[in-house]
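Contents: one structure, followed by commentary.
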Amino acid sequence: MKGLRLTFANVGYGEAILLEAEAPELNDGIFRMIIDGGSGEAEEFAESTSGRIPFAEYLKTKEIRHVDVMVNTHIHEDHTCGLLPLSEELKIDSFWQSLPVDWYQGTRDLDVSEADTPSAGKYLSSLNDYRKICSNLAQQGCRIEEVSDGLTLRVTEDFSVRVIAPSNREKQLLLDYLNAIYEAENVEARRLARNRADAAMNNLSIILMAEYAGKRILLPGDTAGNGYTDVTAELQADIFKVGHHGQKDGVSKEVFARIQPDYVICCASSDRRYNSAAPEILGMMEEMGAEICYSDCPSVAGFTEHLKPHHALIFEISPSGKIVYRYES
């Protein structure tokens with residue numbers, strides 16, 4: 001391949017991103033980074049007429065067996081649990097996450113039967129799977145890394161990936177929220193701690209800024225409009241993956257004006273769960289000059305009538321900086 005390729009797999013309600021870039025000094029000449037893995041629930045893919053496909057299955061079709069860096073932006077089922085089979089099937093050199101490297105070793109499996117709502121069950125499953133992912137990766141010799149704002153990975157002279165969030169303050173908040181779950185002494189205390197952590201998790205996501213051939217790509221996990229408070233880095237980007245699946249709070253008008261993207265990717269499911277791909281936010285982004293693309297096929301009148309079933313949305317940036325995109329069936 002020449003240049004950089006950015007793939008958003010159609011994993012329904014979730015995010016699974018593959019970033020690949022030409023890197024002649026590496027063994028196979030390609031640097032690969034995975035950013036989140038979508039859902040681990042079979043039910044998410046039972047209805048596949050829009051092209052949904054589990055991320056592990058998609059990567060198999062591309063014959064990908066080795067990944068340089070795998071990132072979990074935050075611990076939620078639709079971002080974390082699809083990484084579990086990858087931790088079992090792929091050779092992964094480095095795992096980026098924002099907790100202390102050995103934190104998972106002091107945790108235990110949480111009782112999913114304590115969940116009082118489907119959402120709570122998903123969150124408990126994601127915490128359990130996070131623990132398994134770290135254990136699997138440690139056993140294969142992968143470097144588990146604690147990352148925060150300021151870390152820059154320079155892959156080639158023309159390509160780098162920079163962490164612009166979370167801040168140290170946000171990392172401590174995350175740690176406090178999660179420790180409270182495991183330290184709770186009874187079911188009710190665990191429920192309260194779990195709900196607090198679950199609600200805070202999106203805006204404690206790892207935010208990445210990739211730069212290639214003078215173009216910038218902003219990948220904020222599920223960070224929503226009010227989650228950029230601690231971000232001091234410049235946000236301007238040519239390509240922007242909008243946070244929180246394009247729900248109404250996905251990005252504020254003020255933050256979007258700082259980003260000024262030409263292209264926006266919205267990872268909303270075809271059933272528009274939780275009012276994803278909200279017309280209000282899609283309209284605001286289009287009015288401000290962005291072209292919007294979709295990982296799945298949400299039905300939003302006036303915005304998505306052109307979409308056809310697809311397995312992935314693929315952006316490519318040439319060495320000269322030209323950006324093109326296509327839907328892969």
Side-chain angles (χ1 to χ4, degrees), residues 1-9 15-37 55 59 64 66-74 79 83 86 90-99 101 137 142-168 170-171 204-223 227-228 230-243 259 261 263-265 267 313-319 321 323 325:
M1 63 173 288
K2 291 288 185 180
L4 178 144
R5 182 186 300 133
L6 185 64
T7 300
F8 298 84
E15 292 181 11
I17 303 169
L18 172 64
L19 189 157
E20 301 170 281
E22 185 179 21
E25 68 276 13
L26 299 181
N27 288 337
D28 60 359
I30 300 175
F31 170 86
R32 294 185 179 90
M33 172 180 276
I34 283 172
I35 305 161
D36 293 333
F55 197 34
L59 294 178
I64 292 175
H66 171 260
V67 172
D68 296 278
V69 180
M70 185 167 80
V71 184
N72 185 201
T73 61
H74 64 294
H79 291 251
L83 295 175
L86 306 189
L90 300 181
K91 175 66 175 70
I92 299 165
D93 292 344
S94 180
F95 180 47
W96 287 9
Q97 49 83 58
S98 53
L99 289 161
V101 170
L137 294 176
C142 171
R143 296 188 307 276
I144 299 175
E145 300 188 51
E146 176 186 355
V147 302
S148 58
D149 61 334
L151 173 69
T152 299
L153 174 62
R154 182 159 294 282
V155 181
T156 68
E157 183 177 346
D158 292 331
F159 172 50
S160 65
V161 181
R162 181 161 49 105
V163 178
I164 64 172
S167 65
N168 286 332
E170 291 169 322
K171 286 171 57 178
L204 299 175
S205 293
I206 292 173
I207 303 179
L208 300 175
M209 179 72 81
E211 298 187 42
Y212 176 77
K215 302 299 182 182
R216 293 159 60 94
I217 304 163
L218 180 59
L219 303 170
D222 262 349
T223 304
Y228 292 84
D230 284 12
V231 178
T232 58
E234 180 185 353
L235 289 179
Q236 187 281 320
D238 302 276
I239 299 172
F240 169 53
K241 197 285 301 172
V242 64
I259 302 169
Y263 302 95
V264 169
I265 296 88
C267 295
L313 165 66
I314 300 175
F315 276 80
E316 293 179 337
I317 304 177
S318 72
I323 299 175
Y325 73 86

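Below, all heavy atoms of this structure are taken into account, side chains as well, without hydrogens, waters or symmetry copies. Because the structure is a prediction, the values reported are computed rather than measured.
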Please check if any side-chain donor atom of E211 sits under 3.5 Å from a side-chain acceptor atom of S160, or the reverse.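 No.
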Taking atom types as modelled, find out whether H79 and D222 have a side-chain donor-acceptor pair closer than 3.5 angstrom.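 A pair is found: one side chain offers a donor N or O, the other an acceptor, under 3.5 Å apart.
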Can you tell me how far apart [atom1] ([X]) and [atom2] ([Y]) are? Round to the nearest 0.5 Å.
| X | Y | atom1 | atom2 | result |
| --- | --- | --- | --- | --- |
| M209 | I217 | CE | CD1 | 9.5 Å |
| F315 | I265 | CZ | CD1 | 4.0 Å |
| L4 | L6 | CG | CG | 6.5 Å |
| I317 | D238 | CD1 | CG | 7.0 Å |
| L151 | R162 | CG | CZ | 10.5 Å |
| I314 | E20 | CD1 | CD | 8.5 Å |

Quick one, E146 with K171, criterion salt bridge (charged side-chain N to carboxylate O under 4.0 Å, His left out). Give me CA distance, side-chain angles, the key distance, then yes/no. CA-CA 10 Å; E146 176 186 355; K171 286 171 57 178; 2.8 Å; yes
Could you tell me whether the side chain of [Y] reaches within less than 4.5 Å of the side chain of [X], counting heavy atoms only?
| X | Y | value |
| --- | --- | --- |
| Y263 | F240 | no |
| V101 | E145 | no |
| E234 | R216 | yes |
| V161 | R154 | no |
| F8 | L18 | no |
| I259 | Q236 | no |
| I17 | T7 | no |
| I34 | I64 | no |

Which pair of non-hydrogen atoms, one from [X] and one from [Y], has the smallest distance, and what is that distance?
| X | Y | result |
| --- | --- | --- |
| D93 | K91 | OD1-NZ, 3.2 Å |
| A210 | L19 | CB-CD1, 4.1 Å |
| Y212 | S318 | CE2-O, 3.5 Å |
| T223 | P220 | OG1-O, 2.8 Å |
| I35 | T73 | CG2-CG2, 3.8 Å |
| E170 | P166 | OE1-CA, 3.2 Å |

With I207 as reference, evaluate V163, D149, I164, L219 under the side-chain contact (heavy atoms from CB on, under 4.5 Å) test and give the passing residue.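 Among the candidates, only I164 passes.
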Working for side chain to side chain contact (heavy atoms under 4.5 Å, CB included), residues L90 and H66: CA-CA 6 Å; L90 300 181; H66 171 260; over 6 Å; no
Pair L153, V155 - check side chain to side chain contact (heavy atoms under 4.5 Å, CB included), show working. CA-CA 6 Å; L153 174 62; V155 181; 4.1 Å; yes
salt_bridge(K241, E15) N-O dist < 4.0 Å: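 Between E15 and K241 there is a salt bridge, with a charged N closer than 4.0 Å to a carboxylate O.
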For the pair V71 and M33, evaluate side chain to side chain contact (heavy atoms under 4.5 Å, CB included) and give the outcome as yes or no after the intermediate values. CA-CA 8 Å; V71 184; M33 172 180 276; 4.2 Å; yes
Could you walk me through whether H74 and D36 satisfy the side chain to side chain donor-acceptor pair (under 3.5 Å) test, starting with their C-alpha distance in whole Å, then the side-chain angles of each, then the deciding distance to 0.1 Å, before giving a yes or no? CA-CA 8 Å; H74 64 294; D36 293 333; 4.7 Å; no
Could you go step by step and tell me if I323 and E316 meet the side chain to side chain contact (heavy atoms under 4.5 Å, CB included) rule? CA-CA 6 Å; I323 299 175; E316 293 179 337; over 6 Å; no
